[in-house]
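Reviewing the structure listed below.
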Amino acid sequence: MKRILLRKIKLSDKKYFARWWRDKELLKLTSGILKLISDEEVEKYFSAIIDNLTDYHFMILLDKKVIGHITLAKRKNDWYETQIVIGEKKYWGKGYGTKAIKLLLKKAKKFGISKIYLEVRPTNTRAIAAYENAGFVRRRIKKYPKNKYLSKTLRMELKL
Ligand SMILES: CC(C)(COP(=O)(O)OP(=O)(O)OC[C@H]1O[C@@H](n2cnc3c(N)ncnc32)[C@H](O)[C@@H]1OP(=O)(O)O)[C@@H](O)C(=O)NCCC(=O)NCCS
């Protein structure tokens with residue numbers, strides 16, 4: 001198996017997001033909002049990531065190639081929320097997502113983070129399997145009746 005590494009996000013990574021945030025297959029599995037965003041919106045959302053001082057953002061590298069993005073975002077009561085996207089789709093289902101999540105958990109432990117959760121589309125069985133591989137457990141279904149793009153999620157948790 002090739003080597004998976006995480007490295008801190010940098011300004012020149014914007015090009016990956018500009019592509020991934022416009023990929024309908026990816027959007028269907030994440031926000032569900034398929035409307036294509038403008039260059040200005042990409043700039044705005046990417047700046048929000050880069051300027052944020054409380055969250056951790058890492059790029060996922062396969063050997064030296066960037067294939068995805070993984071985050072730990074600070075939430076209430078010492079909880080952190082994680083999200084992962086392997087934007088380069090040909091690398092799905094090869095164990096790389098599981099590996100990246102495990103590497104993130106190692107970093108979280110070093111940062112003194114002990115409570116991590118995520119929310120995933122209940123139909124996203126590949127993501128759920130990857131999270132379970134890394135030690136997350138299913139907790140409950142959360143309903144968002146006002147969100148027509150994502151009306152329910154599965155909350156999964158892990159305590160380090
Ligand atoms: C979710 C994601 C990060 C998982 O990473 P990955 O490298 O594809 O996943 P892995 O190969 O590590 O693990 C996938 C698991 O799902 C299983 N799987 C693979 N293809 C599958 C498929 N088409 N349907 C269901 N399960 C599948 C694998 O067998 C594996 O489980 P196992 O180890 O118990 O056998 C990646 O697929 C991705 O970025 N998807 C698009 C964005 C997304 O859904 N993000 C998550 C939003 S919450």
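For ligands, and for the atoms within them, numbers begin at 1 and follow the listed sequence.
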Ring centres under 6.0 angstrom apart (Y56, F111): yes

Per-atom contacts, ligand 1 versus A129 - under 4.0 Å to a heavy atom: 15 (C), 16 (O), 31 (O)

Distance from atom 4 (C) of ligand 1 to nearest protein heavy atom, with residue and atom: A130 CB, 3.8 Å

Donor-acceptor side-chain pairing of Y144 and K142 below 3.5 angstrom: yes

Output field: ring centroids H69/Y16 closer than 6.0 Å: no

Over 12 foreign heavy atoms within 6.0 Å of CD, E88: yes

Protein heavy atom under 4.0 Å of atom 28 (C) of ligand 1: no

Ligand 1 atoms in contact with Y131 (distance to a heavy atom under 4.0 Å): 46 (C), 48 (S)

Atom indices of ligand 1, in the order listed, that fall short of 4.0 Å to a heavy atom of G93: 6 (P), 7 (O), 8 (O), 11 (O)

L61 backbone acceptor or donor facing K64 side chain under 3.5 Å: no

Atom indices of ligand 1, in the order listed, that fall short of 4.0 Å to a heavy atom of V85: 39 (O)

Heavy-atom nearest neighbour in the protein, as seen from atom 46 (C) of ligand 1, with distance rounded to 0.1 Å: I84 O, 3.3 Å

K109 atom NZ: more than 12 heavy-atom contacts under 6.0 Å: no

For T71, side chain to side chain donor-acceptor pair (under 3.5 Å) partners two or more places apart: none

Protein heavy atom at shortest distance from atom 12 (O) of ligand 1: T98 OG1, 2.5 Å

Protein residue, atom and distance nearest to atom 39 (O) of ligand 1, heavy-atom basis: I86 N, 2.6 Å

Atom 5 (O) of ligand 1 [closest protein heavy-atom partner, distance rounded to 0.1 Å]: G97 CA, 3.3 Å

Over all atoms of both residues, closest heavy-atom pair of A108 and L160: CB-CD1, 3.8 Å

Atom 23 (N) of ligand 1 touched by protein (heavy atom, under 4.0 Å): yes

Residue and atom name of the nearest protein heavy atom (relative to atom 44 (O) of ligand 1), distance in Å to one decimal: N124 ND2, 2.7 Å

Heteroatom distance test (T30, ligand 1): nitrogen or oxygen, under 3.5 angstrom: no

Atom 2 (C) of ligand 1: any protein heavy atom closer than 4.0 Å: no

Over-ring placement of R139 relative to W79, 6.0 Å and 45° cut-offs: no

Partner set under side chain to side chain donor-acceptor pair (under 3.5 Å) for N133, not counting sequence neighbours: T98

Per-residue contact class, K89 against ligand 1 - non-hydrogen pairs under 4.0 Å: neither

Taking atom 25 (C) of ligand 1 as the reference point, the nearest protein heavy atom with its distance: T125 OG1, 3.3 Å

Nearest neighbour in protein (non-hydrogen) for atom 41 (C) of ligand 1: W92 CZ2, 3.4 Å

